[in-house]
Amino acid sequence: MKFVDEAPIHVQAGKGGNGCLSFRREKFVEKGGPDGGDGGDGGSVYLLADYSLNTLVDYRYQPRYRAESGEPGRGRNCTGGKGEDLVLKVPVGTTVIDVDTGETLGDMTEPGERLLVAQGGFHGLGNTRFKSSTNRAPRQTTKGTEGEERNLKLELKVLADVGLLGLPNAGKSTFIRAVSAAKPKVANYPFTTLVPNLGVVQVQRHRSFVIADIPGLIEGAAEGAGLGVRFLKHLTRCRVLLHLVDLAPFDGSDPAENARAIERELAVFSPTLAGRERWLVLNKTDLVPAAELDRRCNTIVEALDWQGPVFRVAAIRGEGTDALAGRLMDYLEERKEEETADPGLAEAERESQRRMQREARERIDELREAQRARRRAAGEEDEDWGDDDHDVDIEYRH
């Protein structure tokens with residue numbers, strides 16, 4: 001199955017049924033009077049967050065949806081049938097945007113959450129409605145109104161508490177393997193991770209959190225190099241970011257400069273995301289001689305002028321990963337307790353996430369437009385920069 005995290009769709013609610021113009025005709029009833037019934041309401045279009053889905057691929061191939069229209073009214077005061085509502089299932093974590101207005105209609109973060117995206121048309125009135133003492137044979141009816149029509153953009157952003165940042169081969173996939181049951185591909189060449197991988201980290205019984213590994217960034221990612229910043233938007237829901245740094249890069253590069261490159265790309269992509277809580281994780285300590293480990297770690301911390309938490313791990317051996325997972329669990333629980341006690345903090349967190357997602361959307365749109373302009377200038381076919389899909393599933397692994 002292809003992993004698709006964006007899809008434009010067109011939805012149209014059903015039209016309301018027209019009212020009926022009818023008069024009663026019965027034997028021995030000389031003047032029967034009006035008996036035209038009302039039409040039925042048009043069906044509405046809803047989105048439903050479904051935990052069993054993990055991609056928007058279905059909407060890539062079927063982008064147009066229309067709810068059923070209401071039936072017209074009939075004689076004998078019969079009301080037309082209501083159009084059936086159309087319910088479209090989307091993955092949990094889907095943001096719904098009105099393309100024409102730019103308005104965010106909803107952020108579907110809870111399983112079973114239901115969002116109205118197109119209101120069905122209102123039914124028309126039959127001539128019975130217009131009967132009065134002075135108008136005993138009304139010929140007035142009204143037509144049903146048109147259903148709401150919208151062009152929507154669906155954006156899937158995975159639900160994770162912790163996100164991993166780093167260059168390709170920094171050990172992010174190995175780390176997520178060490179702390180969860182997720183089994184992303186691991187190999188000794190760059191870009192083995194092509195889509196986000198999620199794992200559930202269980203620290204103790206009934207104490208767990210979700211961690212996300214996204215494809216690695218490289219210098220120039222904010223301008224579209226490598227896999228670019230397409231997947232960085234999946235970190236906008238994370239409460240804390242782990243910045244993994246390879247202590248012994250196979251190409252002999254400077255670990256501190258590698259970390260600074262990621263910081264620069266993050267700042268260009270979204271200043272708000274760059275200011276998110278980040279912890280420094282110095283990985284692959286098993287590849288550094290014990291006598292040199294302290295000096296190399298301290299050099300990196302000093303070069304970065306790092307003020308936040310610092311951890312040393314050897315993910316492939318699981319050294320230091322349990323302690324880090326425990327600290328993360330404590331931090332996330334503390335944040336949750338603070339936001340529960342202070343609704344203002346919870347609202348500030350939601351606003352921060354909305355701002356990050358807005359900045360991410362604007363940056364990705366800029367990159368797409370620049371890519372289209374380059375293709376047009378080169379005389380190439382104008383394809384969507386964001387349509388490169390991958391035959392990989394994304395799922396939560398316990």
Side-chain angles (χ1 to χ4, degrees), residues 1-13 43-67 85-120 147-160 194-196 198 212 214-215 228-238 270 350 353-369 372 383-396:
M1 181 185 295
K2 291 182 181 295
F3 174 68
V4 177
D5 57 5
E6 290 186 8
I9 64 172
H10 176 87
V11 295
Q12 184 169 1
S44 299
V45 182
Y46 292 87
L47 297 183
L48 177 66
D50 189 335
Y51 202 72
S52 66
L53 300 179
N54 51 36
T55 176
L56 295 169
V57 65
D58 292 338
Y59 298 103
R60 178 66 59 82
Y61 301 110
Q62 174 59 38
R64 303 185 70 84
Y65 298 89
R66 182 167 186 162
D85 292 334
L86 178 61
V87 180
L88 304 176
K89 294 182 179 181
V90 297
V92 176
T94 299
T95 301
V96 186
I97 302 161
D98 188 314
V99 173
D100 299 319
T101 65
E103 177 189 4
T104 299
L105 302 180
D107 202 9
M108 308 183 72
T109 58
E110 296 294 332
E113 186 174 349
R114 192 178 174 101
L115 176 68
L116 174 65
V117 293
Q119 177 65 55
E148 197 172 10
E149 186 174 1
R150 271 186 166 144
N151 293 307
L152 302 177
K153 181 180 181 183
L154 305 180
E155 288 186 353
L156 172 61
K157 290 178 282 292
V158 298
L159 297 178
L194 299 178
V195 297
L198 299 178
I214 67 166
V229 292
R230 173 184 174 188
F231 295 107
L232 266 180
K233 65 184 176 184
H234 292 282
L235 299 182
T236 58
R237 298 188 192 275
C238 299
S270 168
R350 287 191 290 270
Q353 291 191 16
R354 287 193 290 266
R355 187 163 57 250
M356 285 188 288
Q357 292 168 16
R358 186 167 56 250
E359 292 171 353
R361 194 174 300 122
E362 291 171 355
R363 183 59 184 156
I364 291 175
D365 287 344
E366 289 175 6
L367 287 174
R368 284 179 174 157
E369 187 53 41
R372 292 190 186 103
E383 299 176 352
D384 189 354
W385 173 78
D387 279 351
D388 44 333
D389 310 326
H390 302 281
D391 290 312
V392 182
D393 272 337
I394 179 169
E395 59 181 324
Y396 289 82

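Quantities reported herein were computed from a predicted structural model and do not represent experimental measurements.
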Audit row: L88, L48, side-chain contact (heavy atoms from CB on, under 4.5 Å) steps and yes/no: CA-CA 6 Å; L88 304 176; L48 177 66; over 6 Å; no
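- To the nearest 0.5 Å, the span separating CD on Q353 from OG1 on T109 amounts to 8.5 Å.
- Considering every non-hydrogen atom in both L198 and L159, the closest pair reads CD1-O, 4.5 Å.
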Test side-chain contact (heavy atoms from CB on, under 4.5 Å) applied to V117 and Y46, step by step: CA-CA 6 Å; V117 293; Y46 292 87; over 6 Å; no
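- A salt bridge links E155 to K153: at least one charged side-chain nitrogen sits closer than 4.0 Å to a carboxylate oxygen.
- Listed by chain and number, the residues in a salt bridge (charged side-chain N to carboxylate O under 4.0 Å, His left out) with E113 amount to none (sequence neighbours excluded).
- L116 approaches V45 most closely through the heavy-atom pair CD1-O, 3.6 Å.
- The backbone N or O of V57 lies less than 3.5 Å from a partner atom in the side chain of T55, making a donor-acceptor pair.
- Not counting sequence neighbours, the partners of K89 by the salt bridge (charged side-chain N to carboxylate O under 4.0 Å, His left out) test are D50.
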Check residues 92-99 and write down every donor-acceptor pair under 3.5 Å in which the side-chain atom is one partner and the other belongs to a residue at least two apart or another chain.
| from | atom 1 | to | atom 2 | distance (Å) |
| --- | --- | --- | --- | --- |
| T94 | OG1 | P91 | O | 2.7 |
| T95 | OG1 | D107 | OD1 | 2.8 |
| T95 | OG1 | K157 | NZ | 3.0 |
| T95 | OG1 | R237 | NH2 | 3.4 |
| D98 | OD1 | D100 | N | 3.0 |
| D98 | OD1 | T101 | N | 3.3 |
| D98 | OD2 | R150 | NE | 3.0 |

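- Shown here for P63 and P8, the closest heavy-atom pair between the two residues is CB-O, 3.7 Å.
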For side-chain contact (heavy atoms from CB on, under 4.5 Å), just list the numbers for V11 and I9, CA-CA rounded to whole Å, side-chain angles, deciding distance to a tenth of an Å, and then say yes or no. CA-CA 7 Å; V11 295; I9 64 172; 3.9 Å; yes
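- A salt bridge links E6 with K233; the closest basic N to acidic carboxylate O contact falls under 4.0 Å.
- Side chain of N151 to main chain of H10: no donor-acceptor pair is present (N/O by atom type, distance under 3.5 Å, no hydrogens or angles).
- Taking all atoms of both residues into account, the shortest heavy-atom contact from R64 to Q62 is O-NE2, 2.7 Å.
- Heavy-atom minimum distance, A13 versus G43: CB-O, 3.4 Å.
- Rounding to the nearest 0.5 Å gives a distance of 12.5 Å between OH of Y61 and CG of L56.
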